[in-house]
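As structure tokens, the structure follows; a few thoughts come after it.
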Amino acid sequence: MKFIDGGITAAKGFKASGMHCGIRRNRSKPDLALIFSNVPCSAAAVYTQNLVKGAPLLVTQRNISDGKAQAVICNSGNANTCTADGEEKAEIMCKAAAQELGIKPSDVIVASTGVIGQVLPIEPILNAVPELVTALCEHSSENAARAIMTTDTKIKETAVEFEIDGKPVHIGGIAKGSGMIHPNMATMLSFLTTDAVISPETLSLALHEATQKTFNMISIDGDTFTNDMVTVLANGLAENYEIKADTKYYKIFTEALTALCMELAKKIAGDGEGATKLLVCNVKGAKSENDAQLAAKSVICSALFKAAMFGADANWGRVLCALGYSKADIDIKKVDVAFTSSEGSIEVCKDGAGIKFDETKAKKILSQDEIDVNVTLHDGNFKAAAFGCDLTYDYVKINGDYRT
């Protein structure tokens, strides 16, 4: 497997576009994206666990209940959530895209992201759809990626290539997410494509497996948003041997899908609102994978730990504190902790107790823009990683007036 260029359009038969239609006041920011496959696809998705669910999510659930889709339309700047006409507007978006593309409305995935509780203006979207379809291109992943951004400061796209039975297969993806991120499902929004031959059922199985190890291991601020969703379309144009569950080809596909989702997850975590550092907590030596995941995510979610990382303070006690309330089966007296970055590595805790270390060296290590917190539990053979960012003054500034 190797990472390649192309993003969402790296897979054969996929096109994308993105433009400003008028939902956002700032005309320099695109706010409408479209992804389209030349042929019908197997489709799968994972959704937010928030009881408040965006109207587009509910419509998408119905549309892909048959395991099929061919297009994705998404707007930014307005979440189309908690409004009386939300589902009606989402269905209108599907119909408008379907009419221009020559497909059924039920074969369209619809998504929205932005402010909750404001009525979505549908006219700008309807007026823009013909141009959006005309602009579809095999090299426009970046345009679509920009159009789904809200407070994001960086484009999030990637792609991978690998082989199934001698046939080259591709998976591409784009994502958005910067704040209100604690998914417990997938991520804020992520759209994936592949040219693999795979059934909807097997595709869903692989997506859930990849999601649990990647998007579900992100936390920016502990908020699980209402419109969180990750979707994947598989059009089969790679003409590979069909991928079936519990086979070597399924393992290859799932490993590639997980690697791609991991890359997107890191991009999201590193672009947290106001963030200056990507934080990765690596836990190994756990009794079970669940214990490892609970431990890693607990550390990443700790506001005290995140604040310490902003200040480049090697306050390892906050790591142990987070492990202690993680509900993972841990013997704290066996725990080792080390901090690592491009400036080297330093051990700060051994067998659950502090050890002498060079504070100046630790400060230098923690002043870099990507930091690994390595936790060894010495209790088993399982491991997991979680992704987050530091907590800065700017996070409060950004969210203090987000709506206005």
Side-chain angles (χ1 to χ4, degrees), residues 1 8 11 41-51 53-54 56-58 60-69 72 109 111 156 158 160 162 164 169-177 181-219 224-236 242-266 268-269 288-294 296-297 382-387:
M1 187 205 76
I8 199 73
C41 306
S42 295
V46 185
Y47 309 98
T48 183
Q49 292 181 12
N50 197 318
L51 292 178
K53 290 180 170 59
L57 187 151
L58 299 174
T60 291
Q61 282 182 311
R62 292 197 293 267
N63 284 358
I64 69 169
S65 60
D66 62 352
K68 300 293 182 182
V72 178
I109 289 169
K156 301 169 181 69
T158 192
V160 294
F162 54 101
I164 296 288
V169 179
H170 310 85
I171 306 175
I174 59 174
K176 66 83 51 183
I181 298 180
H182 185 82
N184 290 326
M185 55 92 237
T187 186
M188 286 36 60
L189 284 178
S190 184
F191 305 117
L192 313 176
T193 60
T194 179
D195 44 25
V197 178
I198 186 170
S199 70
E201 295 78 14
T202 306
L203 185 63
S204 179
L205 188 66
L207 180 63
H208 279 77
E209 185 175 330
T211 292
Q212 186 59 30
K213 296 178 180 179
T214 58
F215 295 127
N216 275 359
M217 297 303 290
I218 308 171
S219 185
T224 299
F225 193 46
T226 57
N227 293 42
D228 292 354
M229 176 170 63
V230 58
T231 69
V232 58
L233 298 178
N235 63 17
E242 182 178 352
I243 299 165
K244 297 182 179 179
D246 299 322
T247 65
K248 65 177 182 180
Y249 297 130
Y250 175 81
K251 183 178 180 182
I252 292 170
F253 178 82
T254 306
E255 286 179 351
L257 180 62
T258 300
L260 178 129
C261 292
M262 186 81 73
E263 186 69 13
L264 290 174
K266 287 183 177 180
I268 290 169
S288 69
E289 186 174 31
N290 183 60
D291 285 322
Q293 290 177 340
L294 286 172
K297 198 163 186 182
F382 293 90
K383 63 182 180 179
F387 316 97

Please report the closest heavy-atom contact between Gly173 and Leu260, naming both atoms and the distance.
-> N-CD1, 4.1 Å
In Å, rounded to the nearest 0.5 Å, how long is the span from CG of Leu192 to OG1 of Thr158?
-> 10.5 Å
Can any side-chain N or O of Lys213 pair as donor or acceptor with the backbone N or O of Cys261 at less than 3.5 Å?
-> no
Counting N and O atoms only, with roles assigned by atom type, does the side chain of Thr258 sit under 3.5 Å from a partner on the main chain of Glu255, one being a donor and the other an acceptor?
-> no
Tell me, do Phe382 and Asp291 make a side-chain contact under 4.5 Å, heavy atoms counted?
-> no
Check: Ser42 and Lys68 side chains under 4.5 Å, non-hydrogen atoms | yes
How long is the gap from NZ on Lys248 to CD1 on Ile164, to the nearest 0.5 Å?
-> 9.5 Å
Spell out, as yes or no, whether a donor-acceptor pair under 3.5 Å connects the side chain of Thr214 to the backbone of Ala265.
-> no
Nearest 0.5 Å, what's the CZ-CD1 distance between Phe387 and Ile218?
-> 7.5 Å
Rounded to the nearest 0.5 Å, what's the gap from CG on Leu294 to OG on Ser288? Could you check?
-> 7.5 Å
What distance do Asn235 atom CG and Ile198 atom CD1 have between them, rounded to the nearest 0.5 Å?
-> 12.0 Å
Minimum-distance pair of heavy atoms, taken over all atoms of Lys383 and Glu289 = O-CG, 4.3 Å
Check: Phe215 and Val46 side chains under 4.5 Å, non-hydrogen atoms | no
Ala11 to His170 - nearest heavy-atom pair and separation | CA-CB, 3.8 Å
Rounded distance (nearest 0.5 Å) linking atom OG1 of Thr194 with atom CD1 of Ile8 = 10.5 Å
Between Ala256 and Met1, what is the shortest heavy-atom contact and its length?
-> CA-SD, 3.7 Å
Determine the minimum heavy-atom distance between Tyr250 and Lys244, stating which atoms define it.
-> CB-O, 3.1 Å
Any donor-acceptor N/O pair, Ser204 side chain to Pro200 backbone, under 3.5 Å | no
Hey, are the side chains of Ile109 and Leu233 touching, using non-hydrogen atoms and a 4.5 Å cut-off?
-> yes
